[in-house]
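Structure record follows, encoded as C-alpha cells.
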Number of protein chains: 2
Amino acid sequence: MTASRRATRIQEKNRAAILDAALDVFSARGFGGATVDRIAAAAGLSKPNLLYYFGSKEAMHNALLEDLLDTWLDPLRALDPSGEPLEEILAYVHRKLQMSRDYPRESRLFANEIVQGAPRIHATLSRDLKALVDAKAAVIEGWIAAGRIAPIHPYHLIFSIWSLTQHYADFDVQVRAVLGDQDPFDSAPGFVDTLYRRLLTPN
Amino acid sequence: MTASRRATRIQEKNRAAILDAALDVFSARGFGGATVDRIAAAAGLSKPNLLYYFGSKEAMHNALLEDLLDTWLDPLRALDPSGEPLEEILAYVHRKLQMSRDYPRESRLFANEIVQGAPRIHATLSRDLKALVDAKAAVIEGWIAAGRIAPIHPYHLIFSIWSLTQHYADFDVQVRAVLGDQDPFDSAPGFVDTLYRRLLTPN
DNA sequence: CGTCGGTTTGACCAGTTGGTCAAATCATAC
DNA sequence: GTATGATTTGACCAACTGGTCAAACCGACG
C-alpha cells in the first residue's frame with residue numbers, strides 16, 4: 001500500500017482527514033446512522049477514495065475505536081497508588097472532566113457504542129477494562145483499609161466519576177438547554193471537587 | 001381512523017405492539033440505525049401495516065418520545081418543597097435508580113436522542129425541562145439558605161443525579177462487563193444513598 | 001348471508017446504501 | 001521527460017431504504 005516518503009505523507013494527511021470526518025459523523029449519528037457518503041463529504045474526498053484508504057465503513061469505525069480505547073483510559077491508568085489518595089482521585093476526576101470539554105466527540109463516539117450494546121468492543125471491555133478497574137479498585141480499597149479516605153464501594157465510585165464527567169460531553173445539549181447561557185465548564189470543576197471531597201474525606 | 005369498539009381494541013393492541021417493538025429497535029440502534037422492516041419483524045406485523053398505524057418511521061419515534069418525556073420527569077416533579085430536604089432528594093435518587101432498572105430501554109432511547117444532539121426535542125428541553133429544573137433548583141437553594149442541607153450548586157446536583165442513575169441503564173453493558181457476575185442493582189442503591197447523604201448532610 | 005368499515009398485505013417504486021472497478025491522473029525517482 | 005507505482009474518480013451494481021397503493025381480507029351488525 002505504500003513505500004515512498006511523499007506517498008506516506010499524503011496517506012497520513014488523508015487518513016487523518018478521513019478519521020476526523022468519520023469521528024464527526026459517527027459521534028453525531030451512531031454507526032448505523034452514519035453514511036460513507038456523509039463522511040466523504042465532511043472529509044472533502046470522494047467516496048471511492050475513502051474506501052481506498054479504509055476498506056469499509058466498519059474499518060473506519062474500528063480504527064476510531066482502537067485509537068480511542070488506547071487513550072480514553074489513560075487518566076485512570078495514571079492514578080498513582082503511591083500518591084496522596086484524595087488528591088489522586090480528585091486529579092483523576094479533573095482530568096476526566098477536561099477530556100469531556102476538550103474531546104466531546106470522542107466521548108460521544110464511545111457513548112454511542114456503549115448505549116447501543118457495545119457490539120464491537122464488548123470483549124475488550126470485559127477483558128482490558130475490567131482488569132484495569134479491578135486493579136484500581138484494589139488500590140482504592142487499600143486506601144480505605146488504611147483509613148486514608150472514607151469507606152465507599154470502589155467500583156461504584158469509579159462509575160460515578162465516569163458518569164458525571166462524561167455527562168458534560170454526552171448530554172452537552174441537555175446541560176446547556178437547562179443552564180441557558182452559562183458555560184457548564186465554568187462551574188462543573190468546582191462542583192465535582194466539592195462532591196468528591198465530601199464523599200471521600202475521612203471522618 | 002376509528003369509531004367502533006372492536007376496532008379500537010385491535011388498534012390499541014397493535015399500536016402497543018408496534019411501540020414496544022419500536023422502543024426495542026430505536027433504543028438499541030438510534031433513530032438513523034433503525035429500520036421500519038426491523039421494527040415490523042419485532043412487532044410480528046408487516047411493514048405496510050406499521051405504516052397504516054403510524055404514517056412514518058418518524059411518527060413512531062415521536063410517539064415514543066412524547067410518551068417518554070411525559071413520564072420521564074415525574075420523579076423530579078414529585079420532589080416536594082414542603083418535605084424533609086435530604087429525604088426528598090434521596091427519594092428522588094432512588095426513584096430514578098429504579099427507573100433505570102425497570103425501564104432501561106426508555107433510558108437508552110432518551111440517551112440516544114440526547115447524545116445525537118436532540119434534534120427532535122431540543123425545543124422541549126430548553127422550554128419545559130428548563131422550567132422544571134429552574135423551579136426545583138430554586139427549592140433546593142431555599143433548603144440551602146435555610147441551612148437544612150449543605151451548600152451545593154443545585155443544577156450540577158441535579159445533573160449528577162441524572163448522570164449517575166441513568167448510567168446504570170445507558171452504560172449497563174459496560175457496568176456489567178466491569179462488575180462480572182454481580183448485579184449492579186444490588187449494590188447501587190447503597191452507594192447512591194451514601195454518596196448523597198455525605199454530599200448533602202449539613203456540617 | 002350480505003355488506004361495510006376497519007384491517008392487512010403483496011407488489012411495487014424511487015432514492016439511498018455500502019462497495020467495486022477499470023480507467024484516468026498524479027508525483028517522483030531515474 | 002519518462003516510467004512506475006500511488007492516488008483519484010466516474011460509472012456502475014445489488015441490496016436495502018422509507019413509503020405507496022390497489023386489492024384482498026376480516027368481523028360484526030343488520
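Contact detail for B/I114 and A/V173: the closest heavy-atom pair is O-CG1, 3.3 Å.
For residues 37-50 of chain A, there are no side-chain hydrogen bond (donor to acceptor under 3.5 Å, both in side chains) pairs, not counting sequence neighbours. Applying the ring-ring contact (aromatic ring centres under 6.0 Å, His included) test to residues at least two apart or on different chains, the pairs with a partner in residues 177-200 of chain B are A/H156-B/F191.
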Check against side-chain contact (heavy atoms from CB on, under 4.5 Å), B/L199 and B/L157: CA-CA 9 Å; B/L199 177 63; B/L157 170 63; 3.8 Å; yes

Quick one: do B/R108 and B/E113 satisfy salt bridge (Lys or Arg N to Asp or Glu O under 4.0 Å)? Show the steps, please. CA-CA 8 Å; B/R108 281 192 280 266; B/E113 178 69 7; over 6 Å; no

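Here D/dT17 presents its P atom at 17 Å from CZ of A/R29, a figure rounded to the nearest Å. The nearest whole Å value for the distance from the CZ atom in B/R15 to the C1' atom in C/dG6 is 15 Å. Rounded to whole Å, the distance from NZ on B/K13 to C1' on C/dG6 is 14 Å.
Here the side chain of B/Q174 pairs no donor or acceptor atom with the backbone of A/L125 at under 3.5 angstrom.
OP1 or OP2 of D/dT7 sits under 4.0 Å from a side-chain N or O of A/Q11.
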When every nucleotide of nucleotides 8-20 of chain C is labelled 5' to 3' by its protein contacts under 4.0 Å (heavy atoms), B for base, S for sugar-phosphate only, - for none, what sequence of letters results? BBB------SBBB

